[in-house]
Colleague: 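Here it is, the structure, as structure tokens.
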Amino acid sequence: TQLLEQSPQFLSIQEGENLTVYCNSSSVFSSLQWYRQEPGEGPVLLVTVVTGGEVKKLKRLTFQFGDARKDSSLHITAAQTGDTGLYLCAGVGNAGNMLTFGGGTRLMVKP
Amino acid sequence: DAGITQSPRHKVTETGTPVTLRCHQTENHRYMYWYRQDPGHGLRLIHYSYGVKDTDKGEVSDGYSVSRSKTEDFLLTLESATSSQTSVYFCATTSTGGPAKNIQYFGAGTRLSVL
């Protein structure tokens, strides 16, 4: 069974601060996805990283895939209250249609 | 956005009663999934389907069954609900080709309470 460990589980910060969320596994994934979920809604894909060492930027969000394709990080610069939500990483297996989800990081950004 | 509708959105039931949750999609996606979401556990796969009448178990399938008689509908049944099945249930679909390949699209969830 492939497992993904996310840390931290909870994060409460002030608006304007930076933060990093980590997603670690002992297994290799063909790619890794990050989803964001708001209360009362389902998760929505933010990004997919495919190549070991890949870095993708989405405005103030920077996603990195580890060289060995076992871990990933999400860095948010100058967090805003609108970034509040649950962030989930998901590893994509070799078949491509099965995801293994991490436990999630619940982020609260206070004004 | 993929058109995925879950019904009901909220349900309260009693231990021992059967419950069926419905997922309806308008995207003609081949793969459909049922997950449960509990605090600290992220999303855990219950069952999935890779075509009409083709289903398979996920990591937490005990106590659940599924059926898919049409491409657009995927039903999750709790034959005899237990309190441990209190959770938020999400349906998802994915395309097997094109630019959206391997992206899972989620419904808004069903909050189930078993008393």
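This one's a predicted model, so the numbers in the text were calculated from it and none came from an experiment. Chain letters run A, B, ... following the sequence lines, proteins first and then strands; every chain starts at 1.
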Colleague: Distance only, no hydrogens: is a donor on one side chain within 3.5 Å (strictly under) of an acceptor on the other, for B:Thr93 and B:His29?
Modeller: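 Yes.
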
Colleague: With only heavy atoms counted, which part of A:Phe10 is less than 4.5 Å from chain B, the side chain, the backbone, both or neither?
Modeller: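 No part of A:Phe10 comes within 4.5 Å of chain B.
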
Colleague: Do B:Tyr35 and B:Glu59 have side-chain N/O donor and acceptor atoms under 3.5 Å apart?
Modeller: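 On atom types as modelled, these side chains do not qualify, holding no pair under 3.5 Å.
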
Colleague: Mark yes when over 12 heavy atoms from residues, nucleotides or ligands other than B:Glu14 sit less than 6.0 Å from its CD; otherwise mark no.
Modeller: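 Incorrect, the count does not exceed 12.
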
Colleague: Quick one, B:Val19 with B:Tyr89, criterion side chain to side chain contact (heavy atoms under 4.5 Å, CB included). Give me CA distance, side-chain angles, the key distance, then yes/no.
Modeller: CA-CA 12 Å; B:Val19 176; B:Tyr89 292 85; over 6 Å; no

Colleague: Tell me, out of A:Pro43, A:Gly104, A:Gly102, who's got the most heavy-atom pairs with chain B below 4.5 Å.
Modeller: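 The candidate making the most pairs under 4.5 Å is A:Pro43.
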
Colleague: Relative to chain B, which segment of A:Gln37 carries a heavy atom at a distance below 4.5 Å: side chain, backbone, both, or neither?
Modeller: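 Side chain only.
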
Colleague: Between B:Arg30 and chain A, with a heavy-atom cut-off of 4.5 Å, which part of the residue counts as in contact: side chain, backbone, both or neither?
Modeller: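 Interface part for B:Arg30: neither.
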
Colleague: Where on B:Gln37 is there a heavy atom nearer than 4.5 Å to chain A: the side chain, the backbone, both, or neither?
Modeller: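 The side chain, not the backbone.
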
Colleague: For A:Gln33, is it the side chain, the backbone, both or neither that has a heavy atom under 4.5 Å from a heavy atom of chain B?
Modeller: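 Contact with chain B is through the side chain of A:Gln33 alone.
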
Colleague: Would you say the side-chain atoms of A:Gln6 and A:Thr105 include a donor-acceptor pair closer than 3.5 Å?
Modeller: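 On atom types as modelled, these side chains qualify, holding a pair under 3.5 Å.
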
Colleague: With a 4.0 Å cut-off, would you call B:Asp38 and B:Arg44 a salt bridge?
Modeller: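 Yes.
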
Colleague: Where does B:Tyr48 contact chain A at under 4.5 Å (heavy atoms): side chain, backbone, both or neither?
Modeller: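 Only the side chain of B:Tyr48 comes within 4.5 Å of chain A.
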
